[in-house]
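Below is one structure, written out as structure tokens; comments come after it.
Because the structure is a prediction, the values reported are computed rather than measured. The analysis underlying the following values was restricted to heavy atoms, covering all of them including side chains, and did not include hydrogens, waters or symmetry mates.
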Amino acid sequence: MFWVDAELGVDIYLDGIITIVDSKYGLKHLAEEKPDGLINEASRQVALADIIIVNKTDLVSEEDLNKLRTTIRSINGLGKILETQRSRVDLSNVLDLHAFDSLSGISLQKKLQHLPIAQPHLDQSIVTVTFEVPGNAKEESLNVFIQNLLWEKNVRNKEDDCMEVIRLKGLVSIKDKPQQVIVQGVHELYDLEETPLSWKDDIERTNRLVLIGRHLDEDILKQLFIATVTETEKRWTTHFNEDHVCL
């Protein structure tokens with residue numbers, strides 16, 4: 001996954017990202033406002049996670065716990081939430097996640113089919129958005145779409161705010177490739193990897209993406225992705241400007 005040292009990658013690999021949230025003070029930290037447009041660090045950690053462990057659930061009421069669950073889900077609609085007391089967790093739930101390799105494509109397909117519709121987070125800027133577009137994508141054009149979001153940072157929403165992607169995950173159909181391809185991204189790093197799953201001849205190929213970040217606009221992102229799939233580059237012009245880079 002990503003660009004790791006080849007020798008180092010023989011011995012270790014990134015299995016998944018786990019974030020622990022304190023039930024008693026979690027809402028306070030997630031609602032904390034940061035100056036100068038900085039991202040709330042607690043929210044960033046939740047957004048990046050594959051597993052969110054909500055600890056010390058015995059110290060709060062069910063009403064407060066429900067509020068915390070809703071807030072976490074609004075930030076990260078794809079991560080799995082585990083509720084614990086005294087940090088006691090079944091190791092089978094946090095080990096061998098395979099969240100960043102080709103095996104994750106199998107579980108990801110099921111998750112994408114049942115992804116809940118998320119509401120904006122407390123600061124109204126961090127959100128999970130998901131969309132589905134049928135068809136095939138050219139790999140080169142797909143890389144352009146992803147790099148403009150993660151590297152160039154020159155895609156803006158209707159309010160002219162820069163879209164900042166914290167986490168990207170999805171299954172895509174690459175032209176001339178029989179296997180489903182998983183796309184993974186964390187901040188500026190991303191990777192495309194073929195999964196063991198092949199597209200069936202009697203099922204239409206489709207692309208499903210989940211993006212977690214700030215100021216994301218689902219309609220604009222979907223339009224830009226459609227431009228990649230259908231190769232109609234002129235559709236990029238409204239919210240994409242090479243000379244107007246977000247800093």
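- Under the side-chain hydrogen bond (donor to acceptor under 3.5 Å, both in side chains) criterion, Gln85 pairs with no residue at all, not counting sequence neighbours.
- In this structure, the side chain of Asn148 engages the main chain of Val144 through a donor-acceptor pair within 3.5 Å.
- Scored by the salt bridge (Lys or Arg N to Asp or Glu O under 4.0 Å) test, Glu218 finds no partners at all (sequence neighbours excluded).
- Contact between Val60 and Ser23 at its shortest, heavy atoms only, is CG1-O, 3.5 Å.
- A side-chain donor-acceptor contact under 3.5 Å links Asp15 to the backbone of Asp96.
- Using modelled atom types and a 3.5 Å distance limit, the side chains of Thr19 and Gln45 yield no donor-acceptor pair.
- Pairing each heavy atom of Ala49 with each of Ile52, the nearest pair is CB-CG1, 3.8 Å.
- Between Val172 and Leu209, some side-chain heavy-atom pair lies under the 4.5 Å cut-off.
- Across Cys162 and Lys153, no two heavy atoms sit closer than the pair SG-O, 3.7 Å.
- Among residues two or more places apart in sequence or in another chain, the side-chain hydrogen bond (donor to acceptor under 3.5 Å, both in side chains) test is passed with Asp219 by none.
- Residues forming a salt bridge (Lys or Arg N to Asp or Glu O under 4.0 Å) with Glu62 (at least two apart in sequence, or on another chain): Arg69.
- In this structure, Trp199 and Glu204 approach most closely via the heavy-atom pair CZ3-O, 4.4 Å.
- Residues Thr128 and Val210 form a side-chain contact, since some pair of their non-hydrogen atoms from C-beta on lies under 4.5 Å apart.
- At least one side-chain heavy atom of Lys67 sits under 4.5 Å from a side-chain heavy atom of Leu27.
- Put simply, the side chain of Leu192 reaches to within 4.5 Å of the side chain of Leu142, judged on heavy atoms.
- Residue Ile212 is not grouped with residue Val21 when hydrophobic side chains (ILVMFWY) are merged at heavy-atom distances under 4.5 angstrom, including chains of intermediate members.
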Next item on the list: Evaluate the side-chain hydrogen bond (donor to acceptor under 3.5 Å, both in side chains) criterion for residues Thr206 and Glu132: first the C-alpha distance (whole Å), next the side-chain angles of each, then the deciding distance (0.1 Å), finally the verdict.
Entry: CA-CA 7 Å; Thr206 189; Glu132 180 175 349; 3.1 Å; yes
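- The shortest heavy-atom contact between Arg205 and Ile174 is NH1-O, 3.4 Å.
- Scanning for side-chain hydrogen bond (donor to acceptor under 3.5 Å, both in side chains) contacts around His187 gives Arg44, with sequence neighbours left out.
- Lys28 pairs by the side chain to side chain contact (heavy atoms under 4.5 Å, CB included) definition with nothing, not counting sequence neighbours.
- Remark: Asp201 pairs with no residue by the side chain to side chain contact (heavy atoms under 4.5 Å, CB included) rule, at least two apart or across chains.
- Listed by chain and residue number, Lys24, Tyr25, Lys56 satisfy the side chain to side chain contact (heavy atoms under 4.5 Å, CB included) test with Asp22 (two or more places apart in sequence, or in another chain).
- Judged by distance alone, the side chain of Asn154 and the main-chain N or O of Leu149 form no donor-acceptor pair under 3.5 Å.
- Shortest non-hydrogen contact noted between Gly16 and Leu97 is CA-CD1, 4.1 Å.
- No salt bridge links Asp50 with Lys80; every basic N to acidic carboxylate O contact stays at or beyond 4.0 Å.
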Item checked: Steps toward side chain to side chain contact (heavy atoms under 4.5 Å, CB included) verdict (Gln184, Leu168) -> CA-CA 6 Å; Gln184 300 258 21; Leu168 165 66; over 6 Å; no
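- The side-chain heavy atoms of Leu65 and Glu83, taken from C-beta on, include a pair separated by under 4.5 Å.
- Thr84 meets the side chain to side chain contact (heavy atoms under 4.5 Å, CB included) test with Ile53, Asn55, Val89; sequence neighbours excluded.
- At least one side-chain heavy atom of Phe131 sits less than 4.5 Å from a side-chain heavy atom of Leu211.
- Between Leu216 atom CG and Thr130 atom OG1 the span is 11.5 Å, to the nearest 0.5 Å.
- When the side-chain hydrogen bond (donor to acceptor under 3.5 Å, both in side chains) test is applied to Asp176, no partner is found at least two apart in sequence or on another chain.
- Looking at Arg73, its side chain does come within 3.5 Å of a backbone N or O of Gly79 through a donor-acceptor pair.
- Of the possible polar contacts, one joining the Arg167 side chain to the Leu48 backbone as a donor-acceptor pair under 3.5 Å is found.
- Residues Asn136 and Ser173 bring a donor and an acceptor atom of their side chains to less than 3.5 Å of each other.
- By the 4.5 Å heavy-atom criterion applied to side chains, Lys169 and Leu78 are counted as neighbours.
- For Lys177, the salt bridge (Lys or Arg N to Asp or Glu O under 4.0 Å) criterion is met by Glu139, Glu194, not counting sequence neighbours.
- Using a distance-only test at 3.5 Å, with no hydrogens or angles considered, no donor-acceptor pair links the side chain of Asn40 to the main chain of Lys34.
- Proximity of Asp90 to Leu82: side-chain heavy atoms (C-beta onward) are nowhere separated by under 4.5 Å.
- Annotation: the span from Ile126 atom CD1 to Ile166 atom CD1 amounts to 5.0 Å, rounded to 0.5 Å.
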